Amino acid sequence: MNKVYKNAAEALEGVNSDMTFMLGGFGLCGIPENAISELVRRGIKGLTCISNNAGVDDFGLGLLLQKRQIKKMISSYVGENDEFERQMLSGELEVDLIPQGSLAERCRAGGAGIPAFFTPAGYGTEVSEGKEMRYFNGKPHILETALTADFAFVKAWKGDKYGNLIYKGTARNFNPVMAMAGKITVAEVEELVEPGVLDPYFIHTPGVFVQRIFQGTNYEKRIEQRTVRPKKDAK
Amino acid sequence: MNKVYKNAAEALEGVNSDMTFMLGGFGLCGIPENAISELVRRGIKGLTCISNNAGVDDFGLGLLLQKRQIKKMISSYVGENDEFERQMLSGELEVDLIPQGSLAERCRAGGAGIPAFFTPAGYGTEVSEGKEMRYFNGKPHILETALTADFAFVKAWKGDKYGNLIYKGTARNFNPVMAMAGKITVAEVEELVEPGVLDPYFIHTPGVFVQRIFQGTNYEKRIEQRTVRPKKDAK
Amino acid sequence: MLNKNQIAQRIAQELRDGWYVNLGIGIPTLVANYVPDDINVEFQSENGILGMGPFPYEGEEDADMINAGKQTVTLKPGASVFDSSTSFAMIRGQHIQLTVLGAMEVSQDGDIANWKIPGKMVKGMGGAMDLVASAENIIVAMMHTNRSGASKLLKACTLPITGVKCVSKVVTNLAVLEIKDGAFHLLERAPGVSVEEIKGSTEGALIVGGEIPEMQL
Amino acid sequence: MLNKNQIAQRIAQELRDGWYVNLGIGIPTLVANYVPDDINVEFQSENGILGMGPFPYEGEEDADMINAGKQTVTLKPGASVFDSSTSFAMIRGQHIQLTVLGAMEVSQDGDIANWKIPGKMVKGMGGAMDLVASAENIIVAMMHTNRSGASKLLKACTLPITGVKCVSKVVTNLAVLEIKDGAFHLLERAPGVSVEEIKGSTEGALIVGGEIPEMQL
């Protein structure tokens, strides 16, 4: 049951060009920084990446875009990345934009053995084109299908050797649903602990969803929009 | 945002005959004991109860069955209750038996605004009769619809005044999904605390799903199958 | 005529005690600054927060605690943090009482366009399509006209829409309008703005019933 | 001929290191007692446990910690507890490598009946239908014949089925059989049990290929 790998290079064994990956994170928060670096290092190409965002020009998935490693992005919002917009408008990059809630639910469905579900999101818009429509309780819904991936890369706060994970704050976001949906899920953690250290009643991602885990290094955790209040004398 | 009620009698204001209720719990573990007592006391009838099990003859939902307050049960397993079996075989009680995973997912769907989803569970069995069938990835699935309820009664370990809940051990079971699916969700807790006491990163049911909360009393927490090992000298 | 902060201030008057509220990026975010003292509302951020608090004090910002606009934020006591599927379960399941969004166009039927300008802006819809498809109470906060002076309150949206028949109210720099029965119903004028001026800036059907009061800010 | 514990013991030989396993009520539960020392498997209980441990010591039982059979249990280090929808996400999503179930009947096509006797037993299917519809590797543990001596390995199930074409292997008091291509393929005999005896107790199509070894327990 020991799923520990030494580092990103070892944990990503088997990744290849033309594969489909899921990458956790919202903006630059909770992204699998080590896995992304390793994907850049390996230089594999033709990737389909499922990720809520596409990073910024020089960080996160932007690093893979710079190197033209991504063939297709499946995301909900990519407004933070100029290179992305350029590649998309020029037709170099295929893009499938999906409502954020549908993206999350489609990943969960992929992990939960639910091949399709109805949602109201996107009805009457471009998103519903070509999709089955049906009324429930007098309201129109469209049929969305499950997403899965060859590899899911997730980033957690702490994890144990069995793959149990907990996340810090809003760095949780898409990580738990993507962990469920990866054929091989690789978790990188800030702190790798022994089984029994994490409270079993408060595990965010049970280890059954994680195939490989490694202790990440050199987390940059870049902040996109640093927004603060001036310090008061008396806090 | 203060959702605190004094006791079960006040928190159940508005319950009436012929309503549909969800009740959390698995077997007798994590059942809303106080809410059930109050339903018995009120003597309302013609109830439709959605609950994984039906209690035992003299505890849990068995108490409502004894008084013939339940018209219809929607459950996955009712093997622990002789009175249930008698009422069902004699036709006094309508029963809709649902695969346990479909029951959980249908409750979650009801709370999550997903009106229907496909699942492989039950294909080719009585459960699939009259339901739409469709192949995904070469495998047959049936369409299951969401469940909701006029009231959902859930039992948690600790809860705060905003309705945030955490559960102890396997007393979690159906409580979180039913909390999501109740039009009015009433949570009873062993310990009611101030907002800020529970760790925000480790809330099992966010308060948005809970409309009323009260401090429960006199929990019996009966064990159905007490199974132990003899104590060793050295543990 | 209202500035952006005043639009937010007017929208804050719509808040009710005990509501859970989702605020979009831009003007909607400012609404949080004007919550009346005597009520308690909780803000949801679709990346996974309920009970979002103010921005952190300088030096206390945490890269692992951001809102949907990617800004560093804090949590209020009684907050909770969850994953994206749970967040949208709240939204899609109609557990949020009010959604405030910006828009590029709104139609007299309540359609909204705020996610795409073909061939030009391709940022994506983020959570907006889920929000507008599910929310029962959607207020749009925007300028009444675009930079070239053209109305943003239209008979029909010209841009790709985000959702159909979903907007219940629009608060602009000129007016408060309710959308029903295929028309904008003028409820209030901004201070100093005439009904004629609002008529002139509204392309969609506009219903003016009797005397229209000025907003009270 | 095997007793119940020996059936469990034989099934335990099918376990592989690193597997997550769901054990049904009855004989399947006993499999946990025979896990080989040199491998590590984790048991899932569909009411919400991964990493289920042994029964508690007397006096240490906790009403809030039970398994799917409603028995008091403990957790192993590295265990996790979760809600019912997450539990069945694991099952439906095929994250569990082996499921062991009891049955009243199994057909040569791999259909299984284990939840209902019309007009008589109406306990319900519990999690069995989800398990059999999703699991890729299902072993049935049961007696080869019922109390009146009739075969439980049939051409077609006579009772309402729990799932279609899902059982991969059957381990009975008489034999180990694999199900494929519409037949039971005899793999092993119980100690002292002849092929003829197995043939006589199997109503469904039985393929006997060459010499059939005795089980090693």
Side-chain angles (χ1 to χ4, degrees), chain A residues 26-30 52-53 75-80 84-85 88-89 95 97-105 107-108 119-127 139-141 157 167-177 204-205 219-232 235, chain C residues 25 45-49 52 54-75 81-92 94 111 113 115-116 118-134 160-166:
Chain A
F26 183 96
L28 300 179
C29 181
N52 188 57
N53 311 94
S75 302
S76 89
Y77 190 82
V78 294
E80 260 70 78
F84 183 101
E85 202 152 342
M88 177 174 174
L89 290 174
V95 178
L97 290 170
I98 296 180
Q100 193 174 139
S102 297
L103 179 61
E105 193 66 17
C107 292
R108 179 187 178 276
T119 174
Y123 167 76
T125 76
E126 285 181 10
V127 165
K139 201 175 150 178
H141 293 75
W157 184 17
Y167 306 92
K168 183 154 166 269
T170 57
R172 194 176 334 174
N173 56 64
F174 280 83
N175 284 298
V177 290
H204 293 138
T205 292
Y219 284 104
E220 191 171 331
K221 290 202 194 182
R222 215 183 276 188
I223 294 176
E224 269 179 86
Q225 306 284 343
R226 188 178 304 269
T227 322
V228 297
R229 288 182 290 171
K231 260 197 182 149
K232 282 185 188 161
K235 191 186 143 201
Chain C
I25 296 168
S45 187
E46 64 261 31
N47 61 318
I49 305 176
M52 190 168 32
F55 298 128
Y57 290 111
E58 218 176 320
E60 295 180 8
E61 62 273 23
D62 178 356
D64 291 324
M65 185 53 63
I66 65 169
N67 65 14
K70 281 94 177 179
Q71 297 170 308
T72 42
V73 291
T74 59
L75 299 180
V81 175
F82 33 82
D83 72 82
S84 300
S85 71
T86 305
S87 182
F88 282 91
M90 293 174 193
I91 289 167
R92 212 188 298 102
Q94 304 192 321
D111 297 355
W115 78 282
K116 185 178 184 181
K120 208 165 147 194
M121 190 195 83
V122 286
K123 293 179 184 305
M125 68 292 281
M129 281 194 187
D130 307 273
L131 281 160
V132 301
S134 303
I161 61 169
T162 312
V164 293
K165 296 188 182 174
C166 52

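Chain naming here is simple, since letters A, B, ... match the order of the sequence lines and numbering starts at 1 in each. These numbers were taken from a predicted model, which means no experiment stands behind them.
Counting non-hydrogen atoms of neighbouring residues, nucleotides and ligands closer than 6.0 angstrom, the NZ atom of Lys139(A) exceeds 12 such neighbours.
At least one side-chain heavy atom of Glu105(A) sits less than 4.5 Å from a side-chain heavy atom of Arg92(C). Side-chain contact between Glu126(A) and Trp115(C): present, with at least one pair of heavy atoms (C-beta onward) separated by less than 4.5 Å. Two residues are said to be in side-chain contact when any heavy atoms from C-beta on lie closer than 4.5 Å; Asp83(C) and Val177(A) meet this criterion.
Screening Val164(C), Ile161(C), Thr162(C) against Thr125(A) for a side chain to side chain contact (heavy atoms under 4.5 Å, CB included) leaves a single residue, Ile161(C). Of the listed residues (Arg172(A), Lys221(A), Arg222(A)), just one forms a salt bridge (charged side-chain N to carboxylate O under 4.0 Å, His left out) with Asp64(C), and that residue is Lys221(A).
Looking only at heavy-atom pairs under 4.5 Å with chain A, the residue among Met129(C), Glu58(C), Lys70(C) that has the most is Lys70(C). No other option in Ala171(A), Cys29(A), Cys107(A) has as many heavy-atom pairs under 4.5 Å with chain C as Cys29(A). In terms of heavy-atom pairs under 4.5 angstrom with chain A, the leader among Pro54(C), Gly126(C), Ala128(C), Gly124(C) is Gly126(C).
A distance-only check finds no donor-acceptor pair linking the side chain of Thr170(A) to the backbone of Gly48(C) [under 3.5 Å]. For the pair Thr72(C) (side chain) and Thr227(A) (backbone), a donor-acceptor distance under 3.5 Å is present. Without hydrogens or angle criteria, Arg229(A) side chain to Pro56(C) main chain gives no donor-acceptor distance under 3.5 Å.
Of the charged side-chain nitrogens involved, at least one lies within less than 4.0 Å of a carboxylate oxygen, so that Glu61(C) and Arg226(A) count as a salt-bridged pair.
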